[in-house]
Chemist: 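Submitted below is the structure of interest, expressed as structure tokens.
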Amino acid sequence: MHDSEDVCLVFEGAAGQGIQTVTGMLLPVMKDNGFHVFSCTEYMSRIRGGSNTTEVRITTRPRAAYRSGIDLLFAMSRNALDRLEGRIRPGTLVFADRENLGANWHGNFIDIPLKRLSSEAGGGIFADTVIASAALGLLGVDSGQFSAFLKKRFTGKGPEVVSGNNRAAELGYAFIAGLSPGISIELPPPMASGGGKRLLMDGTSALGIGAVLAGCNFISSYPMSPGTGLLTFLSSRADDFGVVADQAEDEIAAINAGLGAAYAGARAVVTTSGGGFDLMQEGVSLCGMIETPIVIHIGQRPGPATGLPTRTEQGDLRLALNAGHGDFARAIFAPGSTAEIIEAMQRAFNLADRFQIPVFMLTDQYLLDAVCTIEASAVQNMPLEISIIETPVDYRRFEFTDDGLSPRGVPGHGSGIVRVDSDEHDEHGLITESFEMRRKMVEKRLTRMQALREVALPPAQIGSVEDADTLLICWGSNRGVVEEALDILGSDRIAGLHFTQVYPLNPASFPLLDNRRIVVIENNATGQFADLLSHETGIPVDRRILKSTGEPFSVEDVMDALMEETHE
Amino acid sequence: MHDSEDVCLVFEGAAGQGIQTVTGMLLPVMKDNGFHVFSCTEYMSRIRGGSNTTEVRITTRPRAAYRSGIDLLFAMSRNALDRLEGRIRPGTLVFADRENLGANWHGNFIDIPLKRLSSEAGGGIFADTVIASAALGLLGVDSGQFSAFLKKRFTGKGPEVVSGNNRAAELGYAFIAGLSPGISIELPPPMASGGGKRLLMDGTSALGIGAVLAGCNFISSYPMSPGTGLLTFLSSRADDFGVVADQAEDEIAAINAGLGAAYAGARAVVTTSGGGFDLMQEGVSLCGMIETPIVIHIGQRPGPATGLPTRTEQGDLRLALNAGHGDFARAIFAPGSTAEIIEAMQRAFNLADRFQIPVFMLTDQYLLDAVCTIEASAVQNMPLEISIIETPVDYRRFEFTDDGLSPRGVPGHGSGIVRVDSDEHDEHGLITESFEMRRKMVEKRLTRMQALREVALPPAQIGSVEDADTLLICWGSNRGVVEEALDILGSDRIAGLHFTQVYPLNPASFPLLDNRRIVVIENNATGQFADLLSHETGIPVDRRILKSTGEPFSVEDVMDALMEETHE
Amino acid sequence: MSWMHSWRKRMNNSQNTFAMPPGSDIAWCPGCGNHMLLKAVKGALQELGIDRNKLVMVSGIGQAAKTPQYLDVNMFNGLHGRALPAAFGIRMANRDLTVVVESGDGDMYGEGGNHLLHAIRRNFDVTVIVHDNMVYGLTKGQASPTSQRCMKTPVQPRGVLLEPFNPLAFAISLDAPFVARAWTGDVEQAKQLIMEAIRFRGFSIVDVFQPCVVFNKLNTWKWFREHTCAVPEDHDPSDRQAAFRLALKEDKFPLGIFYRNERKRLYEDLAGNERGPLYARPAPGAEAVRRMIDSYR
Amino acid sequence: MSWMHSWRKRMNNSQNTFAMPPGSDIAWCPGCGNHMLLKAVKGALQELGIDRNKLVMVSGIGQAAKTPQYLDVNMFNGLHGRALPAAFGIRMANRDLTVVVESGDGDMYGEGGNHLLHAIRRNFDVTVIVHDNMVYGLTKGQASPTSQRCMKTPVQPRGVLLEPFNPLAFAISLDAPFVARAWTGDVEQAKQLIMEAIRFRGFSIVDVFQPCVVFNKLNTWKWFREHTCAVPEDHDPSDRQAAFRLALKEDKFPLGIFYRNERKRLYEDLAGNERGPLYARPAPGAEAVRRMIDSYR
Ligand SMILES: Cc1ncc(C[n+]2csc(CCOP(=O)(O)OP(=O)(O)O)c2C)c(N)n1
Ligand SMILES: Cc1ncc(C[n+]2csc(CCOP(=O)(O)OP(=O)(O)O)c2C)c(N)n1
Ligand code: SF4
Ligand code: SF4
Ligand SMILES: [Mg+2]
Ligand SMILES: [Mg+2]
């Protein structure tokens with residue numbers, strides 16, 4: 001009925017109903033049992049009510065992709081089924097509280113009397129534990145293990161809480177035990193060895209950890225979903241890591257504060273989403289002019305305008321690529337997995353510092369909210385590159401050099417004077433109106449693109465690129481889904497490429513694309529990376545697989561699209 | 001020594017020294033004599049002092065381009081020659097006041113005792129009239145004609161002013177009469193017939209006239225060079241044409257006010273330059289989302305950041321093309337001449353209205369400040385397209401239709417309710433989180449690109465495109481210089497194309513580019529239109545002729561570049 | 001089709017009742033102060049007998065800013081922080097329209113601060129209702145400009161360090177001609193103040209205390225009840241100094257009309273150019289066009 | 001080369017004299033008030049004995065904003081209206097630096113209004129000097145937020161219709177702890193007030209009346225002389241109400257210190273995290289990193 005090596009659970013409920021608590025119990029327990037887990041979330045733009053879901057996949061090999069087909073669904077809100085119909089298959093087990101669903105009740109559901117069970121446990125707040133234990137019971141996880149987990153988690157909250165949760169867990173397990181034996185989910189036996197070494201991490205945390213490891217010590221930002229998480233992460237760890245964290249009055253203030261701080265020697269980052277980033281563009285342009293490093297995180301969501309604030313899209317690439325008036329250098333990363341986020345963030349800071357440019361990190365709601373197991377060893381701590389000099393007395397901030405990069409001084413460090421100017425300026429940073437100086441400065445600001453191209457990360461190869469005649473090309477958050485689809489497909493004719501750095505592209509990797517059918521998959525309406533790729537390489541894109549509904553690609557979506565490829 | 005059919009005068013002086021008054025006398029007089037005149041200006045970002053120049057070309061056929069080589073130079077500021085050295089040729093006549101230049105005096109100059117002459121006329125304020133009359137004297141214009149002109153111009157200011165100016169004119173003429181006969185500029189005899197019918201117009205006025213003819217009735221903008229002129233133009237004519245004109249507190253307010261007004265039924269425009277436009281991008285995105293027409297004028301100047309505030313560049317094309325997060329339709333015009341500005345502005349308003357999109361007008365400092373003679377008949381008054389309906393009671397602002405365009409209602413006109421929403425919305429304009437509705441709305445907003453492409457203006461052909469093997473392609477303000485250079489070159493092997501509409505491109509015109517050498521000339525550092533052109537057509541660009549010093553291309557620049565073509 | 005039909009029926013019925021548009025569902029949390037504020041706004045519109053065809057509600061983004069979605073009115077739900085410029089544009093484009101702005105403390109005082117400042121200076125006819133819950137609700141609980149000192153949030157783990165923004169003192173310092181405060185615990189007063197504000201010709205602002213029951217655990221229903229009082233009976237709202245003094249009172253926040261300046265002239269009147277709504281303006285007159293073009297001869 | 005040599009010599013000489021950087025030339029018009037203001041600023045810096053290596057002057061764009069170009073100091077000449085956020089970033093990145101903002105009335109009160117509002121709420125240590133010429137100078141004479149009613153300009157042919165912005169009332173309403181006004185006709189007083197402001201720990205603002213002799217034909221040297229007076233001797237700057245009253249006085253504009261609040265705490269102190277300049281901070285501690293990562297096990 002289901003693939004025992006790959007189980008997909010979905011928990012549905014209204015905002016505020018505690019889905020996150022359920023998965024917050026389920027994921028660590030399954031991880032500790034040595035499984036790979038992956039979880040992703042979709043939710044409405046409201047704080048209470050509506051209908052949200054979290055998907056939890058439990059697999060024997062690493063998977064990091066959204067699956068549409070559900071094995072096991074817990075439906076808590078009244079209108080759950082309106083939205084999830086398409087994801088329910090013949091074998092899907094649907095648990096719901098008949099009392100709650102009322103007229104929406106469907107004969108094939110399994111009635112789990114949640115209300116009654118949780119009030120038996122001590123009240124509505126225990127509903128999540130009832131659900132979690134029911135799910136664990138179905139998955140065959142030992143109830144003793146779960147009660148140990150509950151004890152550890154709730155000890156700090158007092159014996160009442162522990163015992164209430166234990167009662168709830170017992171009720172959940174008992175409920176499952178009372179079901180007919182046909183109702184079950186089979187999993188291989190736990191592989192307790194692997195789990196302990198693994199971490200369970202969401203994308204936002206990975207971004208924050210990456211920033212900390214990169215030596216980031218300044219953030220000024222204005223809240224905007226899904227970019228806010230990085231601000232929260234660094235704010236809450238400000239004291240641990242000596243980070244100055246500030247909530248700005250608006251996005252314009254945020255980037256200008258970031259640039260001011262960077263001018264004075266900070267490793268600065270700002271975080272936002274597309275709409276907020278629109279407002280930062282003049283700041284990006286200033287960054288280009290004053291050659292001051294900054295990292296800009298754009299958590300993408302569907303636009304234009306406010307769009308779908310809590311949904312996902314890869315729609316801000318073109319924006320990052322062209323942000324700010326005038327011609328100057330930049331780089332853009334779009335990591336595809338939790339581990340990659342950590343690494344890319346460090347690269348971003350180092351590159352910004354080395355090349356004195358704005359560097360963009362493009363993520364999206366789906367990637368930021370996704371939680372998965374990663375090996376602790378995958379957390380790479382890269383060497384910090386900080387190139388601030390102590391200024392000599394005759395320091396010139398914009399001294400001409402062969403590579404266009406001038407040694408970077410900061411005010412108060414050394415005996416020189418450090419001037420930056422939004423106007424066209426001379427080597428000293430003083431305003432100029434000389435056409436000749438202008439010509440040289442324009443050139444200076446662009447020369448570094450050459451070196452930037454040369455150090456650009458080549459794409460990761462998925463499958464055997466050498467043998468393939470079709471390349472499925474992705475960037476950012478689609479890595480997991482492409483990996484999985486290609487793995488399932490198992491055809492040598494199709495391989496994948498994932499770009500973690502989307503700009504500039506390293507010309508050394510262009511030959512990879514020669515004489516292949518090029519298929520680009522991305523989560524936007526027009527194919528922004530496809531445009532970039534063919535513009536940069538001169539190689540036309542044969543097919544674009546696009547989705548811009550606000551949902552991520554599912555494994556099934558990609559499989560369907562790939563079937564067309566194999567049948568062509 | 002000089003080409004009598006094409007004389008180039010340059011007036012140099014510090015800001016505040018009255019160069020503009022000189023040319024303000026010279027141009028109409030020469031126009032009335034039936035000549036074509038063209039004048040362009042370059043100036044520093046300061047209100048007094050420094051060194052600015054205005055070039056005046058007097059020609060027997062229409063010319064609209066900056067010439068580097070000077071026939072006659074009036075140098076009024078002390079350091080004039082530092083900047084103009086490269087433009088002085090063996091035959092250039094240089095007039096300067098020896099007393100003023102002091103140590104900077106050069107033996108080859110002709111000493112015009114400006115100070116003395118103007119104080120004889122009644123004071124320093126008459127210096128401009130002295131210079132103008134000296135120039136006119138040299139050009140052989142009848143002194144009676146000039147004094148008639150002065151009378152007409154100054155009558156309103158009282159007899160004192162008229163007589164002072166007349167005295168100054170006499171002194172100027174007398175000074176020229178006293179020079180050795182070798183010092184002269186020859187022109188063909190006046191062709192008084194043509195002049196009267198012609199207009200003398202600058203780019204900014206053309207833009208304003210275009211807006212008025214287009215039925216524009218709302219402007220909200222924040223001052224920024226060189227975009228401010230349109231705001232000034234419409235503000236000063238607000239009462240004449242029923243225009244609501246408002247100076248906003250910032251650019252963000254400007255575009256949001258524009259959109260609010262357009263939502264309520266205005267024909268709205270905003271004007272700015274690149275840096276101010278950066279701040280409007282979220283508004284552009286909103287415009288895409290709420291499908292509300294607006295025209296956005298970007299007067300380009302060199303960036304990034306504040307850059308060179310009073311100089312010229314074509315550097316904001318990429319910005320306009322990609323402004324605002326999310327995928328939605330737009331159109332971009334970049335007229336190449338004064339007459340074209342008037343026409344393009346009307347097209348812009350009509351297109352914005354018909355397709356309910358943001359339409360961009362890209363000009364630049366050079367084009368806006370340039371003054372030239374145009375035939376009165378060239379001022380085209382196009383029919384107004386206004387497609388506002390009276391709403392029925394069940395009105396749906398975003399009703400789905402085949403072409404993606406919903407009839408546009410405005411609040412208070414009809415019995416329907418008109419809702420627009422920055423969030424993703426349904427046909428009624430109410431917020432939605434339906435993935436299916438999202439999909440359809442994304443498609444709705446993009447479908448119109450097809451029709452937009454089909455109605456896009458094809459490029460203008462310069463010379464005989466059919467026979468040419470090389471195409472010199474330009475857009476925006478470079479039309480004049482390309483026309484002139486190709487005309488002078490007179491080779492059938494090279495012809496030109498000028499794009500007044502730069503986005504979208506009409507596919508019907510792509511075959512024009514087939515099997516030619518494609519050379520793109522533009523006033524920026526990277527070749528923004530070249531990128532766009534090859535992206536849209538799939539045809540590679542063979543050569544880019546670029547300049548980003550802050551100066552426009554001169555005829556000589558283009559000639560030099562074309563010589564390379566002919567020698568290849 | 002049948003839906004279409006019921007829509008039409010509903011539309012006719014709902015004329016000027018400001019009922020929920022069919023098919024919409026309120027996204028606010030149970031217990032949220034916004035529900036009461038919606039009630040107050042709706043009551044005010046009904047009692048004033050406003051023709052909904054001539055009313056436009058303008059909003060930014062936030063929980064507060066969703067209000068117009070629930071009133072079946074002409075609506076411009078624009079960008080976060082940018083309601084006021086849009087409202088200005090709408091009002092200038094058609095002076096027959098009544099324009100009401102719905103906004104949150106973050107929307108209006110944070111992102112939108114500059115527009116508020118300059119909209120007050122403009123003094124066009126608009127009513128601004130700020131749902132002041134002293135927190136960013138929609139983005140899940142960060143400090144807002146009006147958050148009280150020391151309130152802890154995920155982004156302010158040390159508590160808020162900034163001086164809370166005092167919207168009334170601010171508005172009075174700029175001579176906003178109608179400045180009032182209400183709270184959602186007294187719907188009747190809120191309704192009355194909103195009615196006064198809409199009736200007022202010129203810029204009017206009503207800051208409305210509104211508990212966010214999910215993210216603001218400090219400024220609860222109880223807290224607001226305990227920390228508010230009535231504007232003293234003897235307060236003279238035409239006295240700007242007194243109004244300012246009252247606005248600085250922060251032990252208990254007064255509710256009522258703080259300031260009222262009847263002497264200010266309306267921007268619309270000063271700007272002249274009264275030729276009816278812009279959508280109905282004729283093409284530029286041939287004679288005026290000719291004159292304009294002739295000036296370039 | 002020889003130029004390089006003279007630069008070096010000059011640099012040593014100019015240490016803390018705040019002389020013009022070699023090669024620069026003042027772009028202001030003859031007779032402009034900015035010249036006097038430059039003199040006052042320079043005098044203040046000299047008299048305070050500020051180490052120019054530890055001083056950063058931050059500015060936006062405008063005539064006023066060019067001031068740092070003429071003082072041979074560390075300079076962040078940023079975007080129009082955005083000096084304050086940059087100043088905040090600089091100060092947070094290195095609390096050893098003295099940060100002075102030079103700005104115009106358009107820059108600070110127009111484009112930058114929201115930042116001013118929130119910078120005051122932050123109360124970090126910064127001195128803001130606003131060259132208030134009641135006009136947009138650099139862009140050739142449009143109205144600024146402080147332009148007086150009825151001043152005609154090319155963009156305001158009917159005269160300015162908006163209420164002039166009152167920066168002092170505004171700052172006092174936000175409890176800015178140091179609020180003063182000077183004018184360029186009295187360089188000595190301007191210098192003294194600027195010195196006071198720089199010495200003040202916290203947010204200080206000095207609005208300086210400055211004639212724009214080219215574009216503002218209304219508010220001339222003479223006009224300012226006739227329309228200013230001294231802050232009354234008996235004025236108590238710690239009295240916020242009195243300060244507000246004084247700020248509303250517009251027949252003659254008082255010059256001097258309006259408001260001074262010594263009780264406000266500095267943002268830097270509240271924010272904690274005192275570990276020296278960010279450029280010198282070590283990489284994150286291995287132990288803290290381990291702990292952070294372990295929390296994901
Ligand atoms: C430019 C931009 N920045 C940020 C956001 C994210 N955002 C949406 S609502 C909001 C704050 C809302 O707070 P408030 O105005 O107080 O409304 P509330 O939800 O509390 O009613 C923010 C920061 C956005 N939509 N757009
Ligand atoms: C984003 C942006 N908008 C507009 C401008 C154009 N601009 C430069 S200075 C200025 C106004 C300056 O006025 P003010 O601050 O009063 O300075 P002043 O020149 O009068 O000293 C403007 C509008 C700009 N540089 N950037
Ligand atoms: S989050 Fe707060 S403000 Fe938003 S709806 Fe819920 S209670 Fe109301
Ligand atoms: S334009 Fe005005 S403010 Fe600017 S330098 Fe000249 S006089 Fe001074
Ligand atoms: Mg709020
Ligand atoms: Mg000014």
Side-chain angles (χ1 to χ4, degrees), chain B residues 196 198-201 205 209 212-213 215 217-218 220 237-244 246 248-250 252-254 256-268 282-283 286 290 376 379 381 384 388 393-394 410-415 417-423 426 428-431, chain C residues 4 7-8 11-12 21 23-24 27 52-56 58 61 66 68-69 72-94 96-97 114-115 117-118 121-122 271-273 275 277-285 288-289 291-293 296-297:
Chain B
R198 295 203 187 109
L199 310 174
L200 196 61
M201 196 181 285
S205 294
I209 290 171
V212 166
L213 294 179
N217 53 25
F218 189 93
S220 172
R237 282 151 185 93
D239 290 345
D240 291 352
F241 295 105
V243 177
V244 173
D246 183 69
E249 58 269 28
D250 58 31
I252 304 174
N256 281 281
L259 289 172
Y263 156 78
R267 298 270 275 192
E282 199 192 7
L286 177 63
I290 64 178
V379 179
N381 196 341
L384 239 66
I388 292 172
V393 74
D394 56 349
V410 301
H413 182 45
S415 41
I417 284 297
V418 182
R419 285 189 203 85
V420 295
D421 196 343
S422 156
D423 297 282
D426 62 15
H428 293 280
L430 287 164
I431 197 168
Chain C
M4 210 39 231
W7 166 266
R8 210 169 275 185
M11 290 285 290
N12 291 329
S24 23
R52 70 178 195 135
N53 269 301
K54 297 269 183 266
L55 170 70
V56 179
V58 186
I61 297 296
K66 288 179 184 161
Q69 305 265 356
D72 209 2
V73 290
N74 295 304
M75 168 183 101
F76 187 102
N77 192 167
L79 297 172
H80 182 52
R82 317 301 173 190
L84 272 171
F88 176 70
I90 292 165
R91 177 80 190 146
M92 289 304 110
N94 186 349
D96 301 335
L97 299 172
N114 205 34
H115 309 308
L117 194 172
H118 293 280
R121 293 183 52 230
R122 274 195 179 78
N273 193 4
R275 303 190 201 171
L278 296 189
Y279 73 79
R281 291 224 179 148
V289 166
R291 242 183 298 123
M292 171 176 68
I293 290 177
Y296 292 90
R297 279 190 201 273

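As a basis for the values below, the full set of heavy atoms in this structure was taken, side chains included, without hydrogen atoms, waters or symmetry mates. Just so it is clear: chains get the letters A, B, ... in the order the sequence lines come, proteins before strands, and each one is counted from 1.
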Chemist: Can you name the closest pair of heavy atoms from B/Ser422 and C/Gly78 and give their distance?
Modeler: CB-O, 3.1 Å
Chemist: Provide the closest heavy-atom pair for C/Tyr296 versus B/Ser205 in the form atom of the first, atom of the second, distance.
Modeler: OH-OG, 2.7 Å
Chemist: Is it the backbone or the side chain of C/Ile61 that comes under 4.5 Å from a heavy atom of chain B, or both, or neither?
Modeler: side chain
Chemist: Distance from B/Glu282 atom CD to C/Leu79 atom CG, nearest 0.5 Å?
Modeler: 4.0 Å
Chemist: Who among B/Ala248, B/Ala266, B/Pro411 has the most heavy-atom pairs with chain C under 4.5 Å?
Modeler: B/Pro411
Chemist: Can you tell me how far apart CG (B/Asp421) and NZ (C/Lys66) are? Round to the nearest 0.5 Å.
Modeler: 10.5 Å
Chemist: Looking at every heavy atom in both C/Pro284 and B/Phe241, which two are closest together, and how far apart are they?
Modeler: CB-CD2, 3.7 Å
Chemist: Where on B/Leu259 is there a heavy atom nearer than 4.5 Å to chain C: the side chain, the backbone, both, or neither?
Modeler: both
Chemist: Flag the one option from C/Asn94, C/Leu117, C/Leu97, C/Asp96 with the top tally of heavy-atom pairs under 4.5 Å to chain B.
Modeler: C/Leu97
Chemist: Only one of C/Asn77, C/Asn74, C/Asp72 passes side chain to side chain donor-acceptor pair (under 3.5 Å) with B/Arg419; say which it is.
Modeler: C/Asp72
Chemist: Contact part of B/Val418 toward chain C, heavy-atom cut-off under 4.5 Å: side chain, backbone, both or neither?
Modeler: both
Chemist: Quick check on the interface: out of C/Ile293, C/Ile90, C/Val289, who has the most heavy-atom pairs with chain B under 4.5 Å?
Modeler: C/Ile90
Chemist: Would you mind telling me which of C/Arg82, C/Arg291, C/Met92, C/Lys54 has the largest number of heavy-atom pairs within less than 4.5 Å of chain B?
Modeler: C/Arg82
Chemist: List the steps and the verdict of side chain to side chain contact (heavy atoms under 4.5 Å, CB included) for B/Val212 and C/Met292.
Modeler: CA-CA 10 Å; B/Val212 166; C/Met292 171 176 68; 3.8 Å; yes
Chemist: Of the backbone (N, CA, C, O) and the side chain (C-beta and beyond), which part of B/Ala262 lies under 4.5 Å from a heavy atom of chain C, both, or neither?
Modeler: neither
Chemist: Looking only at atom types and distance, does a side-chain atom of C/Arg281 sit under 3.5 Å from a main-chain N or O of B/Gly242, one as donor and one as acceptor?
Modeler: yes
Chemist: Check each atom of B/Val379 against the heavy atoms of chain C and say whether the ones under 4.5 Å are side chain, backbone, both or neither.
Modeler: side chain
Chemist: Relative to chain B, which segment of C/Val56 carries a heavy atom at a distance below 4.5 Å: side chain, backbone, both, or neither?
Modeler: side chain
Chemist: Could you tell me which portion of C/Arg122 (side chain, backbone, both or neither) has an atom closer than 4.5 angstrom to a non-hydrogen atom of chain B?
Modeler: side chain
Chemist: Measure the spacing between CG of B/Leu286 and CZ of C/Phe76 and express it to the nearest 0.5 Å.
Modeler: 5.0 Å
Chemist: Is there side-chain contact between B/Asp246 and C/Phe88, with at least one heavy-atom pair below 4.5 Å?
Modeler: yes
Chemist: Write down the atom of C/Pro85, the atom of B/Ala253, and the distance for their closest heavy-atom approach.
Modeler: CB-O, 3.5 Å
Chemist: Considering all heavy atoms of both residues, which atom of B/Gly412 and which atom of C/Tyr279 are nearest to each other, and what is their separation?
Modeler: O-OH, 3.8 Å
Chemist: So for B/Ile388, is it side chain, backbone, both, or neither that comes closer than 4.5 Å to the heavy atoms of chain C?
Modeler: side chain
Chemist: Supply the atom-to-atom distance C/Gln69 CD to B/Leu430 CG, rounded to the nearest 0.5 angstrom.
Modeler: 5.5 Å
Chemist: Chain C heavy atoms under 4.5 Å from B/Arg237: which part of the residue, side chain, backbone, both or neither?
Modeler: side chain
Chemist: What part of C/Val58 is in contact with chain B, defined as an atom under 4.5 angstrom from a non-hydrogen atom: side chain, backbone, both or neither?
Modeler: neither
Chemist: Sort out for me which of B/Asp423, B/Leu384, B/Asp250, B/Leu213 touches chain C most, counting heavy-atom pairs under 4.5 Å.
Modeler: B/Asp250
Chemist: Let's go through C/Met75 and B/His428 carefully: what are the C-alpha distance in whole Å and the side-chain angles of both, what is the deciding distance for side chain to side chain contact (heavy atoms under 4.5 Å, CB included) to 0.1 Å, and is it a yes or a no?
Modeler: CA-CA 11 Å; C/Met75 168 183 101; B/His428 293 280; over 6 Å; no
